[in-house]
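First the proteins, then the strands, lettered A, B, ... as listed; each starts at 1. For the numbers below, each heavy atom of this structure counts, side chains included, while hydrogens, waters and symmetry mates do not.
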Number of protein chains: 2
Amino acid sequence: MITFIKQHSCKDELKASNLKVTPARIGVMRFLESVSKPADAETILKDLNKEGINPDPATIYRILDILSGKGLIQKIELGEGKYRYEKSENHHHHLICTNCGKIEDVKADFVSNLEGQIREKNGFLVKSHSLEFFGLCKNCQN
Amino acid sequence: MITFIKQHSCKDELKASNLKVTPARIGVMRFLESVSKPADAETILKDLNKEGINPDPATIYRILDILSGKGLIQKIELGEGKYRYEKSENHHHHLICTNCGKIEDVKADFVSNLEGQIREKNGFLVKSHSLEFFGLCKNCQN
DNA sequence: TTAGGTGCAAATGATTTGCAATAAT
DNA sequence: ATTATTGCAAATCATTTGCACCTAA
């Protein structure tokens, strides 16, 4: 018996979402896969530039928009007045140091339990959520 | 025995934070006290205008900034690319309908429990948090 | 070929800033 | 009187849009 192991690929993900495969799109997907912290548009663009891909900022925004529309990435806000993006599989919560700006991760799935309660109490169907903590990281408490 | 009941007053709150009492500041405090949903700068300004107070937008932003700096109000983001503000005592979480934009409240204090755990596990001192749910409200599920 | 993707330049929207005039204590 | 606060106008920053050109399928 032969088992086909689904080899993960940015290109395949794009195709699976009926999106044309372009260098800029591959670059964005790759980058978001490689980083542990959610990244903003500017950071993403600069990384692509390093790899010799030079899309217009408008293109980056359009790509981020379509990818989050397809659910491949998540658009989040961390109280900075701009958006950050993360690969959907990387979803987790953050600890944002209000002093130095450091962003740490917290893995916690307690929120999932709440969604059922909300459905019952409020009749609201939760599709996604954000949970962020602001405060002082270890280094900034002195 | 005479009991002094602390009569809540916007002016007193301002004074207690060493802020000068001005019409615009009173107006902002009053408005945020009167509404159940977090409001954006534009909405706040329009309300003040109705009451005959006509500050410049820049003044509104400066007031919102100083009030949140003093902890009298909270600055939050609901995925709209702008900030909203709420009276600190009104802190709660929101259900944001991604279809019609309706904002509902959820009262829940389960998050408080987490802050202790985060302190232990991550050494991170939580000062505030945000928890928002995105999905479809009752009306928009059909 | 052709629908979808991109570059460029200009527009938008929220928020911020410098500075001089003004009002709260 | 003194210092904080405000108004005004201009600047900034992130993001969006119109349109002509280009490219992946």
Side-chain angles (χ1 to χ4, degrees), chain A residues 9-30 38-49 51-70 72-86 101, chain B residues 9-30 38-49 51-70 72-86 101:
Chain A
S9 147
C10 294
K11 294 186 188 180
D12 294 341
E13 285 192 75
L14 290 170
K15 283 178 193 163
S17 293
N18 295 313
L19 296 174
K20 288 189 180 170
V21 178
T22 68
R25 287 177 176 178
I26 297 171
V28 171
M29 294 284 280
R30 276 235 167 76
D40 59 20
E42 189 189 1
T43 303
I44 295 168
L45 177 54
K46 281 186 180 160
D47 180 79
L48 296 211
N49 290 341
E51 306 188 10
I53 310 170
N54 302 293
D56 192 83
T59 298
I60 294 292
Y61 284 108
R62 281 188 277 233
I63 290 173
L64 292 170
D65 197 52
I66 201 167
L67 293 182
S68 58
K70 297 284 187 179
L72 297 177
I73 65 175
Q74 301 292 47
K75 187 178 188 176
I76 68 173
E77 286 173 307
L78 301 182
E80 307 164 298
K82 67 180 175 186
Y83 292 108
R84 285 180 182 265
Y85 305 82
E86 63 184 358
Chain B
S9 148
C10 295
K11 293 185 189 181
D12 293 340
E13 285 192 75
L14 289 170
K15 282 177 192 163
S17 293
N18 295 315
L19 295 174
K20 288 187 180 172
V21 178
T22 69
R25 285 177 178 179
I26 297 170
V28 171
M29 293 284 281
R30 277 233 167 76
D40 58 20
E42 189 189 2
T43 303
I44 296 168
L45 178 53
K46 281 186 180 160
D47 180 80
L48 296 211
N49 290 341
E51 305 187 12
I53 310 170
N54 301 293
D56 192 84
T59 298
I60 294 292
Y61 284 108
R62 280 188 278 233
I63 290 174
L64 292 169
D65 198 52
I66 202 168
L67 293 182
S68 60
K70 296 286 186 178
L72 297 176
I73 66 176
Q74 301 292 45
K75 186 178 189 177
I76 67 173
E77 286 173 307
L78 302 182
E80 306 164 300
K82 68 180 175 188
Y83 292 108
R84 286 181 181 266
Y85 304 82
E86 64 184 0

* Check whether any side-chain N or O of A/S9 sits under 3.5 Å from a backbone N or O of A/K11 as a donor-acceptor pair, and report yes or no. => yes

* Asked: For A/K15 and C/dG4, what is the distance between atoms NZ and C1' respectively, to the nearest whole Å?
  -> 16 Å

* Please, what dot-bracket string fits DNA chain C when only Watson-Crick and G-U pairs with both distances under 3.5 Å count, crossing ones use [ ] and pairs to another strand use |? -> ||||||||||.|||.||||||||||

* **Partners meeting side chain to side chain donor-acceptor pair (under 3.5 Å) with B/E51 (sequence neighbours left out)** => none

* Structure fact -> Side-chain atoms of A/A41 come closest, of D/dT15, D/dT6, C/dG7, to D/dT15

* Structure fact -> From CG of B/N18 across to C1' of D/dA4 the rounded distance in Å is 12 Å

* To do: For A/A16, enumerate each residue passing the side chain to side chain contact (heavy atoms under 4.5 Å, CB included) test, keeping only those at least two apart in sequence or located in another chain.
  => none

* **side chain to side chain contact (heavy atoms under 4.5 Å, CB included) partners of A/E86, counting only residues at least two apart** => A/P38, A/Q74, A/I76, A/H91, A/H92, A/H94

* Structure fact -> Heavy-atom nearest nucleotide on DNA chain C taken for B/L19 and for B/E42; more 5' hit belongs to B/E42

* Asked: Whole Å only: how far is the CD atom of A/E77 from the P atom of D/dA14?
  -> 14 Å

* Just wondering, do B/I63 and B/I44 contact through their side chains at under 4.5 Å, heavy atoms? -> no

* To do: Using a heavy-atom cut-off of under 4.0 Å over every strand shown, decide if B/N54 touches base, sugar-phosphate, or nothing.
  => sugar-phosphate

* Nearest-Å distance for atom pair CZ/C1', residues B/R25 and C/dT25 -> 12 Å

Provide a list of protein-nucleic acid N or O atom pairs under 3.5 angstrom, restricted to nucleotides 16-21 of chain D.
unit_1	atom_1	unit_2	atom_2	d
D/dG18	O6	A/R62	NH1	3.2

* Could you tell me which residues satisfy salt bridge (Lys or Arg N to Asp or Glu O under 4.0 Å) with B/R84, sequence neighbours excluded, listed by chain and number? => B/E80

* To do: Provide the closest heavy-atom pair for A/P55 versus A/L45 in the form atom of the first, atom of the second, distance.
  => O-CD1, 3.4 Å

* **Protein-nucleotide distance (A/E80, atom CD; D/dA14, atom P), rounded to Å** => 10 Å

* **Nearest-angstrom distance from the residue atom CD1 of B/I53 to C1' of C/dA24** => 16 Å

Sequence neighbours left out, cut at 3.5 Å: what donor-acceptor pairs do the side chains of residues 21-30 of chain B make with other protein atoms?
unit_1	atom_1	unit_2	atom_2	d
B/T22	OG1	B/R25	N	3.3
B/R25	NH1	B/K20	O	3.0

* To do: Applying side chain to side chain donor-acceptor pair (under 3.5 Å), name anything that partners A/T43, two or more places apart in sequence or on another chain.
  => A/D40

Table of protein N/O atoms under 3.5 Å from nucleotides 22-24 of chain D N/O atoms:
unit_1	atom_1	unit_2	atom_2	d
D/dA24	O3'	A/V21	O	3.4

* **Side-chain donor/acceptor of A/Y83 to backbone N/O of B/G81, under 3.5 Å** => yes

* To do: Output all residues satisfying side chain to side chain donor-acceptor pair (under 3.5 Å) with A/K70, sequence neighbours left out; order by chain, then residue number.
  => none

* Structure fact -> To the nearest angstrom, the CG-P distance between A/L45 and C/dT6 comes to 13 Å

* Asked: Over how many whole Å does the gap from B/I60 atom CD1 to D/dT6 atom C1' extend?
  -> 11 Å

